[in-house]
J.: 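This is the structure I want to talk about, given as structure tokens.
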Amino acid sequence: MALLNILHFPDPRLHKVAKPVAAVNARIKQLVNDMAQTMYDAPGIGLAATQVDVHERVIVIDLSDEQNELRVLINPEIVWASDEIQTYEEGCLSVPGVYDEVKRASEIKVQFLDQNGDAQIIDADGLLSVCIQHEIDHLNGKVFVERLSSLKQSRIRTKIAKQKREQAATVS
Ligand code: K1U
Ligand code: ZN
């Protein structure tokens with residue numbers, strides 16, 4: 001297993017739209033293992049392949065405190081979403097230090113392939129629903145900050161540019 005490099009906003013590679021996985025083969029299983037290790041190490045509760053510069057439709061999620069309930073969603077499709085909306089304060093491993101409230105469907109029904117290539121369908125609500133929608137956004141080239149107002153986005157871009165300047169000054 002390997003730790004993968006996580007891309008940081010505003011890296012343009014975060015805006016690529018990921019392609020469907022054609023076959024759940026040994027290469028995809030290795031990618032899943034590497035993504036899980038990278039998510040646990042970060043630590044985070046989810047990771048999309050886009051964030052590690054692999055533009056294929058693979059997501060890993062683990063909401064457990066013990067990091068022992070890994071969920072793998074390959075080619076996920078939301079086949080139903082509730083009209084009811086929930087608001088959750090989201091974070092993102094590609095935008096460290098930024099947390100803000102995002103509104104999304106409360107409940108979703110998602111179909112996908114698991115790590116064995118078997119078709120699955122699940123109903124998700126609460127944090128699982130938020131996390132799946134956040135990760136599918138990544139596969140579609142969208143970062144959660146792009147769901148915020150343009151004023152908030154502009155403040156976040158300014159904060160990130162300042163952090164980069166400060167980091168550059170400390171290493172030189
Ligand atoms: O996709 C990502 O960048 C991962 C992201 C998932 C997510 C979190 C919250 C709402 C929606 C999606 C994260 O994991 S951010 C880190 C985080 O939430 C966390 C880290 C350690 C312990 C508990 C949570
Ligand atoms: Zn994210």
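What you see is a predicted model, and the numbers here were worked out from it, not measured in a lab. In listed order, ligands and their atoms are each counted from 1.
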J.: Can N33 and Q37 be counted as having a side-chain donor-acceptor contact under 3.5 angstrom?
T.: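 Not at all, the side chains of N33 and Q37 share no donor-acceptor pair under 3.5 Å.
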J.: Can you confirm whether some protein heavy atom lies under 4.0 Å from atom 4 (C) of ligand 1, or whether none does?
T.: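 There is a protein heavy atom less than 4.0 Å from atom 4 (C) of ligand 1.
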J.: Please list, in number order, the atoms of ligand 1 under 4.0 Å from a heavy atom of H138.
T.: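 The atoms of ligand 1 under 4.0 Å from a heavy atom of H138 are 1 (O), 3 (O).
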J.: Once rounded to the nearest 0.5 Å, what's the spacing between atom OG of S106 and atom CD1 of I85?
T.: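 The distance works out to 6.5 Å.
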J.: Roughly how far, to the nearest 0.5 Å, is the CZ atom of F144 from the NE2 atom of H134?
T.: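 The NE2 atom of H134 sits 6.5 Å away from the CZ atom of F144.
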J.: Looking at ligand 1, does any of its N/O atoms fall within less than 3.5 Å of an N/O of V130?
T.: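 V130 vs ligand 1: no N/O contact under 3.5 Å.
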J.: Give the contacting part of H134 toward ligand 1: side chain, backbone, both or neither, where contact means a heavy-atom distance below 4.0 Å.
T.: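 Answer for H134: side chain.
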J.: Could you tell me which residues satisfy salt bridge (Lys or Arg N to Asp or Glu O under 4.0 Å) with K16, sequence neighbours excluded, listed by chain and number?
T.: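 Partners of K16 by the salt bridge (Lys or Arg N to Asp or Glu O under 4.0 Å) criterion come out as none, since no residue qualifies.
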J.: Any nitrogen or oxygen of Q51, main chain or side chain, under 3.5 Å from a nitrogen or oxygen of ligand 1?
T.: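 N/O-N/O distance under 3.5 Å: yes.
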J.: Quick one: nearest non-hydrogen protein atom to atom 6 (C) of ligand 1, plus distance?
T.: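 Its nearest protein heavy-atom neighbour is E135 OE2, 3.5 Å.
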J.: Give the atom numbers and elements of ligand 1 that come within less than 4.0 Å of a heavy atom of C92.
T.: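 Counting atoms of ligand 1 from 1, those under 4.0 Å from C92 are 3 (O), 15 (S).
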J.: Can you tell me which residue and heavy atom of the protein come closest to atom 20 (C) of ligand 1, and the distance to 0.1 Å?
T.: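 Sorting protein heavy atoms by distance from atom 20 (C) of ligand 1 puts P43 O, 3.3 Å first.
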J.: I want to confirm something. Looking only at heavy atoms, which of G46, G91, A48, S129 is nearest to atom 7 (C) of ligand 1?
T.: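 Checking each option, the heavy atom nearest atom 7 (C) of ligand 1 is found in G91.
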J.: What residue and atom, counting heavy atoms only, is the protein's closest point to atom 14 (O) of ligand 1, and at what distance?
T.: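 In this structure, atom 14 (O) of ligand 1 has I45 N, 2.7 Å as its nearest protein heavy atom.
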J.: Please report the interatomic distance CG(D123) to CD1(I108), rounded to the nearest 0.5 Å.
T.: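 So the gap between those two atoms works out to 9.0 Å.
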